[in-house]
Amino acid sequence: FKPDWKQAQQRFRLWWAGEETDRPLLQVTAPRLDREPLEWSDWEFAKNPHDPEPLIERFARCCEGIYFGGEAFPNLWPNLGPGIVGAHLGAQARFRTDTVWFETPRPWEEIGDLTLDEENFWWERTKRITQAAVEQCDDRYFVALTDLGLGLDILASLRGTLNLCRDLHDHPARVDWARTRIRETWHRCYEELQAIIETRLTGSSTALALWCPGHWYLLHCDFSAMISPQMFERFVAPDLQEDCRRLGHAIYHLDSPRQIPHLDILLEIEELDGIQWVPGAGQPGTDSRQWMPLYRRIQAKGKRLVLCGVRPENALAIVGALHPKGLLLTTACRSPEEAQALVAEVSQAACGGGVR
């Protein structure tokens, strides 16, 4: 599915190392017009966690109809819902048509010691799906880590969002205890799942399909949209810094304008590699000029910048307005020929000095 995988890997290596590449990284997909298109939803594993093998093969068949251009690659992401570690620690899954929700509010006395139960249903399912995906990959696709969640998002699944908002003020010591326990459980889950992946594959990937030769994760804290920068600096930033240190590489998923007040704190975390900006529902897309001051703030601090969902007709304008070093765009074209032409145009602009 990705004949130029080694070339893409080399660009990713340079990108993570903070070195110059011959052009900004560009992930572009397109339908193969000579293949019958098959639909695939990231929610397939959450809807049917009991029988992953047919779903995995269906994903592979879907990839046959996709052209992966630039640094795009087939990335099998075993999505079991947002922050599955919450379920590993006892939160109950609630299913909707196209999502899974884990929030099951409990009093502190019923939360337990926040250690991983090896017989937990969702932990067993997570491992089995990851194992099956790795065993069936046969060099056709890469297997990513599931969405493990992080820190306060996981605690919100157990305590309830409104309860946790109060806890930050009324019970900070309890929150600190829980943060420490959750972080250790999280890293245990990460390491065990990554060890499964590394039995047959080199490197790591996540829901954000960026390949890394070492370990990385897409850090996030959706809960932070409801707290002040002071609370973020007190309860979130220290965990992010520790996670970055232990992982080796990390990108932060900055989701919606409500998280922008935390950006300066994030940019001061030296160990954090970069920012993925997601405008959120009802906002202009990532390729809107409205966000250029935000992008320049991020690049001015030497951080990598990941922009997904850029429209192909706007890609050249984006790379022309930003520094190419550390920049990564994802887009989609109507055909492999259009995708190849776009990669060539970006390369030509970079070589000719058109990208600044």
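- Contact detail for W16 and R304: the closest heavy-atom pair is O-NH2, 2.8 Å.
- In the model, H88 has no side-chain atom that pairs as donor or acceptor with a side-chain atom of N120 under 3.5 Å.
- Here the shortest heavy-atom pairing between K127 and I196 reads O-CD1, 4.1 Å.
- How far CE of M231 is from CZ of F223: 9.0 Å, rounded to the nearest 0.5 Å.
- For NZ of K301, the number of neighbouring non-hydrogen atoms (other residues, nucleotides, ligands) closer than 6.0 Å is 12 at most.
- Judged purely by distance below 3.5 Å, without hydrogens or angles, the side chains of S347 and R23 pair a donor atom with an acceptor atom.
- Checking Q283 against S256 by side-chain atom types alone, no donor-acceptor pair falls below 3.5 Å.
- A side-chain N or O of H215 and one of E198 form a donor-acceptor pair less than 3.5 Å apart.
- The only member of L218, L254, T330 that meets side chain to side chain contact (heavy atoms under 4.5 Å, CB included) when paired with Q276 is L218.
- Residues R179 and P238 approach most closely at NH2-CB, 4.0 Å, considering heavy atoms.
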Test log, rule salt bridge (Lys or Arg N to Asp or Glu O under 4.0 Å), inputs E192 and R188: CA-CA 6 Å; E192 289 195 29; R188 176 183 170 185; 3.0 Å; yes
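- Other residues, nucleotides and ligands contribute more than 12 heavy atoms inside 6.0 Å of the CD atom of Q131.
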Verdict with reasoning, L208 to H253, per side chain to side chain contact (heavy atoms under 4.5 Å, CB included): CA-CA 9 Å; L208 184 60; H253 174 80; over 6 Å; no
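- Among W77, F59, Y141, the one residue that satisfies the ring pair (Phe, Tyr, Trp, His ring centres under 6.0 Å) test with W40 is F59.
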CA sep, side-chain torsions, deciding dist, call: D176, R234, salt bridge (Lys or Arg N to Asp or Glu O under 4.0 Å): CA-CA 10 Å; D176 289 340; R234 164 70 171 82; 2.8 Å; yes
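- One side chain, N314 or D287, offers a donor N or O that lies under 3.5 Å from an acceptor on the other.
- E338 and Y67 share no side-chain donor-acceptor pair at under 3.5 Å.
- Between H220 and Y217, the two ring planes are tilted [angle within 30° to 60°].
- In this structure, the side chains of L210 and N75 stay at 4.5 Å or more apart for every pair of heavy atoms.
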